[in-house]
There are 2 protein chains.
Amino acid sequence: MRITRDSVASLANVSSATVSRVYNAPDSVSADLRQRVFEAAETLGYSPNCLAASLRRKGTGTLAFVEFNKTGRPYYWGNFPSFDWFFGRSLRGVQQVIGQSSWQLRFYNVRTKEDMQALQKQCDGILSYDVDMSEELALFEDISIPYVLSHHLHESTQGLCVRTDNRYGGVLQGNYLRDKGCVRPLYITGFIESVMPHAERLEGFLSVYPEARVLHTSIGAATSITSILPQIEQILSSDHIDGIAAVNDLTLFDVLMRLPLDMPAVGYDASPFSALLGAKAASVDIQCGQLYQKATQKLLLLLSGQQEESSTIQPRLVIGSAGM
Amino acid sequence: MRITRDSVASLANVSSATVSRVYNAPDSVSADLRQRVFEAAETLGYSPNCLAASLRRKGTGTLAFVEFNKTGRPYYWGNFPSFDWFFGRSLRGVQQVIGQSSWQLRFYNVRTKEDMQALQKQCDGILSYDVDMSEELALFEDISIPYVLSHHLHESTQGLCVRTDNRYGGVLQGNYLRDKGCVRPLYITGFIESVMPHAERLEGFLSVYPEARVLHTSIGAATSITSILPQIEQILSSDHIDGIAAVNDLTLFDVLMRLPLDMPAVGYDASPFSALLGAKAASVDIQCGQLYQKATQKLLLLLSGQQEESSTIQPRLVIGSAGM
DNA sequence: CTGTTAGCGCGTTCAC
DNA sequence: GTGAACGCGCTAACAG
């Protein structure tokens, strides 16, 4: 025999509606009755059936975790299976918040506006994974259910965002090298025009080192690291480089693995790779777990009728073993 | 206005029960009516409300993805944040299967039998993440809902398992070195007694190289890599080692990063690290995505009343860029 | 503040 | 084969 609201109600000698209120609007019930209901629930081992609740609320009880189709791009980090760690870490953030609630999670891959419309009928709220282009933003135009956008978003973005501050991340990279006494750093990047976060990181870095030597590459797409190694070596010596930064760990470590450099180095992403290099390289941690945790919290608040505002999670500099 | 079973029924000129049957037992409805129902559903854009369905079925419509509390162990790989990639990759497997179904996923952290009992009332099936000790196995003793165990499980384990063959993984490592012409390999491992998968991998390796030099360490816990480097160097030279294998990538790469060895090397896990070393090191891929995909499939089949049997996913040798 | 009542959308008996 | 009717466990009016 299953324990329902009614079992609790009869044991506590209250109406079933009161039990319901105790769980949904505790303040509207007198402390006395509330106590009695809790006790009855406790002894019976009652827990509300969130299915029935959602059904009655005409909701779905479901949050959608949506990813966007990024195929066909010249460069997209998420395409590297290596970045499963990022997916996992983000999801851990979501999980932490959702685990405490009665919400469930469903995964979706979305490509078109039609997909989004269909999605809208199947969930109560949308959690987006890595919205980073205006085309993706446009998908949210006609969405009338609560949603929150993450994580590579510009400040000017409309809609509720939880974003990372890529520019500040660049500043952190610069500050790190400066603290290490570097005077003439090399900054390796790529896809500046098409990948906004890269541009922002560089901008931040340049705000610390306006005169930095910047190398634009296509690593990760057309170019392999080996083909530009000679160029890098040449720059290193001819420009008297004394520190190195890169738009991401993958690029930085690609270089460090091949050129035994004895100078401060800082990457971006706090990827698991960091564990290997130990103190030899610093990195900037987006803190995606925390970011997606925040995003989920905001979504839940939105769903409970609260007004929420966009916020930014500041990245953090990590050195060495952080990834272990 | 929402589209329900009744909307479809009236448009198709059938009873709502028939619509219901079309979706749940299509064979019990005449082809004629079935067709009419499908057409009506199509034009209305109807999709069944799985909440109401689950409610009526007295189920929850939810699958639990449970992780076990591994704190307090001398060694547990999952404790390294680096292994978020593993979590992510596994979840992608789950997601692929679940995305096609009407099931939802909830995350749980479980520690005691009481936790499991509570869990049992909140979901219809349990998907376990990395059950690897008998204590965890014991948690499933009194579970009466369908569940599937993954992934470091011994062949003799009771209950429905989808496991990886760690012994065979060790064989793959051995074969790789043999193909490279190695005669006297060094195998680095640790926690053999407490971590069964490690023991199995070693056993597999030794079946190929019975005379292999085996080094037992505590890397990852008490010992840091640097403290045993001298020992490794000594073994390498005194024993004329011509190939190196390790129980996992982390250990192997820790060594390779510090000792510039010119000999074949093979790790385990196909971690993102592989991307960095390129062809310099091979690794064994557990294929966790595929593994958890299979586990989820089996769970769904179980839930639909089918009889399922345990199965094993064979690991695969990967070289170099696999992780990119 | 509390109880009564009417559904949410669906699966499933039971007659026909 | 098919349809009518009931109720899964709960929330949200509405009275009192």
Side-chain angles (χ1 to χ4, degrees), chain A residues 1-38 40-41 44-62 101-104 121-124 303-305, chain B residues 1-38 40-41 44-62 101-104 121-124 303-305:
Chain A
M1 147 108 195
R2 291 181 63 90
I3 296 143
T4 74
R5 189 192 52 169
D6 292 4
S7 338
V8 178
S10 62
L11 179 62
N13 252 316
V14 296
S15 78
S16 51
T18 300
V19 179
S20 197
R21 286 192 197 100
V22 167
Y23 283 89
N24 297 298
D27 295 337
S28 70
V29 179
S30 68
D32 175 37
L33 284 196
R34 205 187 316 157
Q35 182 61 21
R36 260 162 58 199
V37 168
F38 274 136
L44 290 177
Y46 167 77
S47 62
N49 182 326
C50 62
L51 242 69
S54 304
L55 176 60
R56 191 52 245 258
R57 284 198 187 99
K58 310 199 185 199
T60 63
T62 296
S101 76
S102 69
W103 292 96
Q104 327 213 144
K121 294 197 300 190
Q122 296 174 47
C123 65
D124 296 338
L303 285 162
S304 69
Chain B
M1 149 105 197
R2 293 179 64 93
I3 296 143
T4 76
R5 188 186 57 169
D6 293 5
S7 336
V8 178
S10 62
L11 179 61
N13 252 317
V14 296
S15 79
S16 52
T18 299
V19 179
S20 197
R21 287 194 195 97
V22 166
Y23 283 89
N24 297 298
D27 295 338
S28 69
V29 179
S30 69
D32 174 35
L33 284 197
R34 207 186 318 157
Q35 182 61 22
R36 259 162 57 198
V37 168
F38 274 137
L44 290 177
Y46 167 76
S47 62
N49 181 328
C50 60
L51 240 70
S54 305
L55 176 61
R56 193 52 244 259
R57 285 198 184 99
K58 309 198 185 201
T60 62
T62 296
S101 76
S102 68
W103 291 97
Q104 327 211 145
K121 295 195 300 187
Q122 297 174 46
C123 64
D124 296 339
L303 284 163
S304 70

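Note on naming: letters A, B, ... go to the chains in the order of the sequence lines (proteins, then strands), and numbering restarts at 1 for each one.
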Listed partners of A:Asn24 passing side chain to side chain contact (heavy atoms under 4.5 Å, CB included), at least two apart: A:Ser20, A:Arg57
Distance from A:Phe38 atom CZ to A:Tyr23 atom OH, nearest 0.5 Å? 6.0 Å
So, OP1 or OP2 of D:dG9: does either fall under 4.0 Å of a side-chain N or O from A:Thr4? no
Knowing that exactly one of B:Val22, B:Thr18, B:Val14, B:Val19 qualifies, which makes a side-chain contact (heavy atoms from CB on, under 4.5 Å) with B:Arg34? B:Val22
What's the CG-C1' distance between B:Leu55 and D:dC6, to the nearest Å? 14 Å
Phosphate oxygens OP1/OP2 of D:dG9: is one of them under 4.0 Å from a side-chain N or O of A:Tyr23? no
Describe, as an angle rounded to 10 degrees, how the axis at the first end of the helix from C:dC1-D:dG16 to C:dC16-D:dG1 is tilted relative to the axis at the last end, five pairs per end. 30°
Just how far, in rounded Å, is C1' of D:dC8 from CD1 of A:Ile3? 16 Å
According to side chain to side chain contact (heavy atoms under 4.5 Å, CB included), who are the partners of A:Arg56, at least two apart in sequence or on a separate chain? none
Starting at CZ of B:Arg34 and ending at P of D:dG1, how long is that distance when rounded to a whole Å? 10 Å
Just checking, is any N or O donor in the side chain of B:Gln122 or A:Ser47 under 3.5 Å from an acceptor N or O on the other one? no
Would you classify B:Val19 as touching base, sugar-phosphate or nothing, given that sugar-phosphate means primed atoms plus P, OP1 and OP2, and contacts are heavy atoms under 4.0 Å? nothing
Heavy atoms of B:Ala12 and B:Ala40 approach each other most closely as CB-CB, 3.8 Å
Any side-chain heavy-atom pair from B:Asn13 and B:Arg36 closer than 4.5 angstrom? yes
Tell me the interatomic distance from B:Asp6, atom CG, to D:dA4, atom P, rounded to whole angstroms. 11 Å
Contact under 4.0 Å: A:Arg2 side-chain N or O vs D:dC8 OP1/OP2: no
Quick one: on DNA chain D, does B:Lys58 or B:Ser28 contact a more 5' nucleotide (nearest heavy atom)? B:Ser28
Under-4.0 Å side-chain N/O to phosphate OP1/OP2 contact, B:Ser30 with D:dT2: yes
Output for pair (B:Leu51 CG, A:Lys58 NZ), nearest 0.5 Å, gives 14.0 Å
Atom pair CZ (A:Arg21) and OG (A:Ser30), whose distance is rounded to the nearest 0.5 Å: 11.0 Å
Could you list, one pair per line, each protein nitrogen or oxygen that sits under 3.5 Å from a nitrogen or oxygen of nucleotides 12-16 of chain D, together with the distance?
none

Kindly compute the distance separating SG (B:Cys123) from CG (B:Leu303), expressed to the nearest 0.5 Å. 9.5 Å
Whole Å only: how far is the CG atom of B:Leu51 from the C1' atom of D:dC8? 12 Å
side-chain hydrogen bond (donor to acceptor under 3.5 Å, both in side chains) involving A:Ser54 - partner list, sequence neighbours excluded: none
To the nearest 0.5 Å, atom NZ of A:Lys121 lies from atom CG of B:Asn49 at 12.0 Å
Judged by each residue's nearest nucleotide on DNA chain D, which is more toward the 5′ side, B:Ser15 or A:Cys50? B:Ser15
Between which nucleotides of DNA chain C, 5' to 3', does chain A make heavy-atom contacts below 4.0 Å? C:dC1 to C:dG9
